[in-house]
Amino acid sequence: NVLGGVQAKFTPRIHGTFQGGYSTTMFDDIGELSQDDQSDFVAEASISANFSHQPLMTVGYRRYFVENDFGDTLLTDNAFARMGFRVARGFIVNLFGDYILEGRALYDDETTQKIFGMDTEVELIKNLTLLAGYNYRRRDFFAQNFIGKSERQETNHIVSGGLQYKIGRYLLLRGLYTYTDKRSNVAEQEFNRNKFTATGKVIF
């Protein structure tokens with residue numbers, strides 16, 4: 001994997017980032033089983049701005065492709081935006097959105113994905129923060145004609161909440177609950193999921 005880029009400061013508040021990368025995966029044969037090597041490429045450009053009442057705003061565009069072992073190239077375009085608001089002292093709201101278009105060269109079809117979401121952080125008392133978020137994902141799949149699968153659509157509603165506690169200067173503890181409601185026009189793809197996670201982070 002190789003990744004490189006540059007960052008340019010246009011004004012004291014606005015800067016741009018440009019980066020690109022390439023990776024390749026080589027597979028060894030196992031007996032009579034073999035798989036072609038796989039190549040991936042990514043290029044990204046973004047502009048970020050810092051304001052007094054908005055900690056961060058970023059808009060950007062990412063393009064990447066993956067060559068799989070079927071001789072097919074998956075080309076993906078991703079336009080994204082991120083914005084943060086400091087509503088009050090100790091109260092931060094982060095908004096994000098993505099539009100993703102994935103095209104397959106071999107079968108001349110595409111998949112689209114729309115993502116919108118919001119995360120909030122509210123400081124309840126010193127070192128204790130309340131976390132809450134909502135994520136909406138809509139995905140429209142290509143028709144998988146080569147295996148007899150029809151077009152599929154799915155929608156995900158993801159709600160999360162939890163607490164984060166800072167222990168001293170170098171350690172963060174976080175407990176988070178996430179509920180996912182996945183709906184689809186294909187019945188066997190639908191599900192509800194409850195997930196609990198506990199994590200610790202050491203900060204240097």
Side-chain angles (χ1 to χ4, degrees), residues 3 17 19 42 44 46-64 66 74 76-102 110-142 151-204:
L3 178 68
T17 301
Q19 60 181 5
V42 60
E44 179 178 317
S46 63
I47 296 178
S48 299
N50 291 278
F51 300 102
S52 58
H53 300 294
Q54 297 173 209
L56 179 66
M57 179 175 66
T58 302
V59 293
Y61 169 75
R62 181 184 300 117
R63 165 169 275 209
Y64 55 95
V66 177
L74 304 179
T76 303
D77 295 285
N78 178 195
F80 59 90
R82 311 283 184 263
M83 184 174 293
F85 298 91
R86 189 177 301 276
V87 180
R89 184 177 181 182
F91 184 12
I92 295 175
V93 176
N94 297 301
L95 305 175
F96 57 89
D98 289 72
Y99 178 78
I100 302 172
L101 175 65
E102 178 186 284
E110 59 189 28
T111 292
T112 61
Q113 187 172 182
K114 305 176 185 70
I115 303 173
F116 303 99
M118 177 180 68
D119 294 317
T120 61
E121 301 179 14
V122 181
E123 188 176 25
L124 301 177
I125 58 176
K126 185 178 180 180
N127 295 331
L128 182 64
T129 302
L130 173 67
L131 307 174
Y134 171 73
N135 190 316
Y136 169 86
R137 296 172 181 259
R138 168 62 187 263
R139 194 169 187 183
D140 296 288
F141 291 84
F142 45 69
E151 292 185 2
R152 176 162 63 94
Q153 297 88 37
E154 66 180 37
T155 302
N156 288 271
H157 299 274
I158 305 170
V159 181
S160 62
L163 293 172
Q164 177 176 280
Y165 184 64
K166 186 176 182 180
I167 302 178
R169 184 176 178 181
Y170 301 108
L171 181 62
L172 282 176
L173 297 179
R174 173 181 290 188
L176 195 66
Y177 163 71
T178 304
Y179 173 75
T180 301
D181 178 19
K182 180 180 177 182
R183 303 174 186 177
S184 175
N185 63 337
V186 180
E188 58 266 26
Q189 295 292 331
E190 294 189 329
F191 64 82
N192 295 324
R193 180 173 62 197
N194 296 281
K195 182 179 180 182
F196 298 87
T197 58
T199 58
K201 180 184 288 187
V202 178
I203 305 170
F204 295 96

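One is the number of the first residue; the rest follow in order along the sequence.
- In terms of the salt bridge (Lys or Arg N to Asp or Glu O under 4.0 Å) criterion, residue partners of Asp181 (sequence neighbours excluded) are, by chain and number, Arg183.
- The stretch residues 91-101 participates, sequence neighbours left out, in these salt bridge (Lys or Arg N to Asp or Glu O under 4.0 Å) pairs: Arg82-Asp98.
- Side-chain atoms of Ser48 and Thr58 include a donor-acceptor pair closer than 3.5 Å.
- Note that CD1 of Ile92 and CZ of Arg86 are 4.0 Å apart. Values are rounded to the nearest 0.5 Å.
- Looking at Leu131 and Asp119, their side chains never come closer than 4.5 Å, going by heavy atoms from C-beta outward.
- Atom OH of Tyr99 is separated from atom CD of Gln113 by 10.5 Å, given to the nearest 0.5 angstrom.
- Taking Asp77 as the reference, Tyr61, Arg63 meet the side-chain hydrogen bond (donor to acceptor under 3.5 Å, both in side chains) condition, with sequence neighbours excluded.
- Shown here are the side-chain hydrogen bond (donor to acceptor under 3.5 Å, both in side chains) partners of Thr17, two or more places apart in sequence or in another chain: Gln7.
- For Tyr136, the ring-ring contact (aromatic ring centres under 6.0 Å, His included) partners two or more places apart in sequence, or in a different chain, are His157.
- Between the CG atom in Asp140 and the CD atom in Gln153 there is a gap of 5.0 Å [rounded to 0.5 Å].
- Listed by chain and residue number, Glu44, Asn78 satisfy the side-chain hydrogen bond (donor to acceptor under 3.5 Å, both in side chains) test with Arg62 (two or more places apart in sequence, or in another chain).
- Rounded to the nearest 0.5 Å, atoms CG (Leu130) and CD (Glu123) are 11.5 Å apart.
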Per-pair distances, 0.1 Å, donor-acceptor, side chain in residues 194-204, under 3.5 Å, sequence neighbours excluded:
unit_1: Asn194; atom_1: OD1; unit_2: Tyr177; atom_2: OH; d: 2.6

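- For Lys182, the salt bridge (Lys or Arg N to Asp or Glu O under 4.0 Å) partners at least two apart in sequence or on another chain are Glu154.
- Of all heavy-atom pairs between Leu176 and Gly162, the closest is CD1-N, 3.8 Å.
- For the side-chain contact (heavy atoms from CB on, under 4.5 Å) test, residues two or more places apart in sequence or in another chain that qualify with Thr76 are Tyr64, Ile100, Glu102.
- Legend: side chain to side chain donor-acceptor pair (under 3.5 Å) pairs involving residues 163-174, not counting sequence neighbours, sorted by first then second residue: Gln164-Arg174.
- In this structure Arg193 satisfies the side-chain hydrogen bond (donor to acceptor under 3.5 Å, both in side chains) test with no other residue, sequence neighbours excluded.
- To the nearest 0.5 Å, atoms CG (Asn135) and OG (Ser160) are separated by 8.5 Å.
- Within the model, atoms CZ of Arg139 and OG1 of Thr155 stand 12.0 Å from one another, a figure rounded to the nearest 0.5 Å.
- Among residues two or more places apart in sequence or in another chain, the side-chain contact (heavy atoms from CB on, under 4.5 Å) test is passed with Val93 by Val87, Phe91, Leu95, Met118, Thr120.
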